[in-house]
Chemist: 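Structure provided below as structure tokens; questions to follow.
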Amino acid sequence: IEPDLCGLIYKTAMVNGDVEVYDTLKKIYETTGLADEKRRAFTALASSSKSSLQQKTLNWALLSGEVRNQDVPTIISAVSNSKNGGEVCWDFFKTNFQAINANFSEGQSFLLGRLVSSCISNLKSLDHVNDVESFFNTNPVPSAARRVQESLEKIRLIAKRRKREIEPLKAYFKKK
């Protein structure tokens, strides 16, 4: 495969792929010595549209110890950007918060801020805003406080825009 196309091909295969594709990409990640090839493989792994494979990727990236901590936010961001990935990431983060916080709190709190932002920035409703605020009020993460606020503002803007535009879009497509 032409190196410039590898990432696109890997990601396209994974978006519609199954466990076999997932395992193949993970093997590429584990066996290559090239940093760019590792990045292409782990970004593709995170691109699945299947929640079970998204969960598997999150578990691998955040809890297995097999992925370098500096790569984790990129993987989480890719999962969060995939179909329904924002909610999958947020649920996973809440469920595994203690382990994640422990893993990233010692001298790597800047990564925790990036990780939190990656997990919540693709949520889309005001219910999510309330959930995120409630969670971080109960489980404060001082190093991520600014990123939480920025992400909450983004979610609020998306929710307002969706509310404002949903009826005109429905009307437009109804005419077509």
Side-chain angles (χ1 to χ4, degrees), residues 1-97 99-101 103-104 108 110-125 127-128 131-132 144 147 150-151 154-155 157-159 161-162 165-166 169 172-173 176:
I1 300 174
E2 183 70 34
D4 291 343
L5 298 176
C6 278
L8 176 63
I9 291 169
Y10 291 172
K11 185 175 179 179
T12 302
M14 192 67 253
V15 165
N16 301 303
D18 56 11
V19 174
E20 185 178 345
V21 173
Y22 185 93
D23 291 342
T24 300
L25 287 167
K26 192 161 182 238
K27 185 170 184 156
I28 290 169
Y29 172 85
E30 293 168 344
T31 58
T32 188
L34 303 172
D36 285 344
E37 186 71 359
K38 279 188 180 296
R39 188 174 303 105
R40 286 189 285 263
F42 72 59
T43 302
L45 283 168
S47 300
S48 177
S49 58
K50 295 181 174 90
S51 62
S52 61
L53 293 178
Q54 291 169 338
Q55 291 275 348
K56 189 173 182 174
T57 301
L58 293 169
N59 193 56
W60 170 67
L62 287 163
L63 303 176
S64 73
E66 296 173 19
V67 178
R68 297 179 321 163
N69 280 354
Q70 63 262 33
D71 292 335
V72 171
T74 304
I75 296 171
I76 302 313
S77 182
V79 171
S80 183
N81 285 320
S82 64
K83 184 178 179 182
N84 300 318
E87 290 185 18
V88 172
C89 277
W90 177 235
D91 290 340
F92 187 90
F93 183 85
K94 289 186 299 185
T95 302
N96 297 286
F97 174 71
I100 294 167
N101 191 39
N103 192 30
F104 287 91
Q108 296 189 17
F110 68 98
L111 286 176
L112 185 59
R114 283 185 53 209
L115 188 126
V116 167
S117 179
S118 295
C119 278
I120 64 176
S121 64
N122 286 308
L123 299 174
K124 296 174 176 61
S125 75
D127 290 338
H128 289 128
D131 188 28
V132 170
R147 292 204 184 228
E150 290 169 351
S151 296
K154 179 182 174 187
I155 299 167
L157 290 171
I158 290 169
R161 185 182 67 209
R162 290 178 85 184
E165 295 176 3
I166 191 74
L169 283 172
Y172 174 80
F173 285 111
K176 295 285 176 180

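As a basis for the values below, the full set of heavy atoms in this structure was taken, side chains included, without hydrogen atoms, waters or symmetry mates. Predicted model, so just to flag it, every value in this text is computed and none were measured. Numbers for residues simply follow the sequence, beginning at 1.
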Chemist: Out of Ile9, Val21, Thr43, Thr24, which residue meets the side chain to side chain contact (heavy atoms under 4.5 Å, CB included) rule with Met14?
Modeler: Val21

Chemist: Applying side chain to side chain contact (heavy atoms under 4.5 Å, CB included) between Ser151 and each of Leu123, Ile120, Val116, report the one that passes.
Modeler: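 Only one option passes, and that is Ile120.
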
Chemist: How many angstroms lie between CD1 in Ile155 and CG in Asp127, if you round to the nearest 0.5 Å?
Modeler: 11.5 Å

Chemist: Of Asn69, Ile100, Ile75, Asn101, which is the lone residue that meets side chain to side chain contact (heavy atoms under 4.5 Å, CB included) with Leu115?
Modeler: Ile100

Chemist: What are the two closest non-hydrogen atoms of Ser80 and Ser118, and how far apart are they?
Modeler: OG-O, 3.0 Å

Chemist: Has Lys11 got a side-chain atom pairing as donor or acceptor with Ala44's backbone, closer than 3.5 angstrom?
Modeler: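 Not at all, since once roles are kept as given, no pair shorter than 3.5 Å links the two residues.
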
Chemist: Could you tell me whether a side-chain N or O of Ser117 sits under 3.5 Å from a main-chain N or O of Gly113, the two making a donor and an acceptor?
Modeler: no

Chemist: Go through the structure and list residues passing side chain to side chain donor-acceptor pair (under 3.5 Å) with Thr57, not counting sequence neighbours.
Modeler: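 Thr57 satisfies side chain to side chain donor-acceptor pair (under 3.5 Å) with Tyr22 only.
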
Chemist: Could you tell me if the side chain of His128 sits less than 4.5 Å from the side chain of Glu87, heavy atoms only?
Modeler: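 Heavy-atom side-chain distance check passes, below 4.5 Å.
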
Chemist: Is the shortest side-chain heavy-atom distance between Leu63 and Phe92 below 4.5 Å?
Modeler: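 Yes; the side chains approach each other to less than 4.5 Å.
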
Chemist: Under the side chain to side chain donor-acceptor pair (under 3.5 Å) test, which residues partner Arg39, sequence neighbours left out?
Modeler: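 Per chain and number, Arg39 pairs via side chain to side chain donor-acceptor pair (under 3.5 Å) with Asp36.
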
Chemist: Given salt bridge (charged side-chain N to carboxylate O under 4.0 Å, His left out), test Lys26 with Glu30 step by step and report yes or no.
Modeler: CA-CA 6 Å; Lys26 192 161 182 238; Glu30 293 168 344; 3.6 Å; yes

Chemist: Are Leu62 and Ile76 packed together at the side-chain level, in the sense that at least one heavy-atom pair is separated by less than 4.5 angstrom?
Modeler: yes

Chemist: Do Lys154 and Asn122 have side-chain heavy atoms sitting under 4.5 Å apart?
Modeler: yes

Chemist: Which distance, rounded to the nearest 0.5 Å, do you find between the CG of Leu34 and the CZ of Arg40?
Modeler: 7.5 Å

Chemist: Drop me the distance from Leu157's CG to Arg162's CZ, to the nearest 0.5 angstrom.
Modeler: 13.5 Å

Chemist: With rounding to the nearest 0.5 Å, note down the distance linking CG in Leu112 to SG in Cys119.
Modeler: 9.5 Å

Chemist: Quick one: closest heavy-atom pair of Arg114 and Pro73, and the distance?
Modeler: NH2-CB, 3.6 Å

Chemist: Under the salt bridge (Lys or Arg N to Asp or Glu O under 4.0 Å) rule, collect the residues that match up with Asp131, sequence neighbours excluded.
Modeler: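 With sequence neighbours excluded, Asp131 shows a salt bridge (Lys or Arg N to Asp or Glu O under 4.0 Å) to Lys94, given in chain and number order.
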
Chemist: For the atom pair CG (Asp23) and CD1 (Ile28), what is the distance rounded to the nearest 0.5 Å?
Modeler: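 So the gap between those two atoms works out to 11.5 Å.
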
Chemist: Identify the two heavy atoms, one from Gln54 and one from Ser82, that lie closest to each other, and give their separation to 0.1 Å.
Modeler: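 Shortest heavy-atom separation between Gln54 and Ser82 comes out as NE2-OG, 2.8 Å.
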
Chemist: Taking all non-hydrogen atoms of both residues into account, name the closest pair between Ser47 and Val15 and its distance.
Modeler: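 Taking Ser47 first and Val15 second, the nearest heavy atoms are O-CG2, 3.4 Å.
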
Chemist: Taking atom CG as the centre, does Asn84 end up with more than 12 heavy-atom neighbours from other residues, nucleotides or ligands that are less than 6.0 angstrom away?
Modeler: no

Chemist: Any side-chain donor-acceptor pair under 3.5 Å between Tyr10 and Glu37?
Modeler: yes

Chemist: Is the closest side-chain heavy-atom distance between Asp71 and Thr74 below 4.5 Å?
Modeler: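 In short, these two side chains do not touch, never coming nearer than 4.5 Å.
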
Chemist: Spell out, as yes or no, whether a donor-acceptor pair under 3.5 Å connects the side chain of Ser49 to the backbone of Lys83.
Modeler: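 No: the side chain of Ser49 does not pair with the backbone of Lys83.
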
Chemist: At what distance, to the nearest 0.5 angstrom, does OG of Ser121 lie from CD1 of Ile158?
Modeler: 8.0 Å

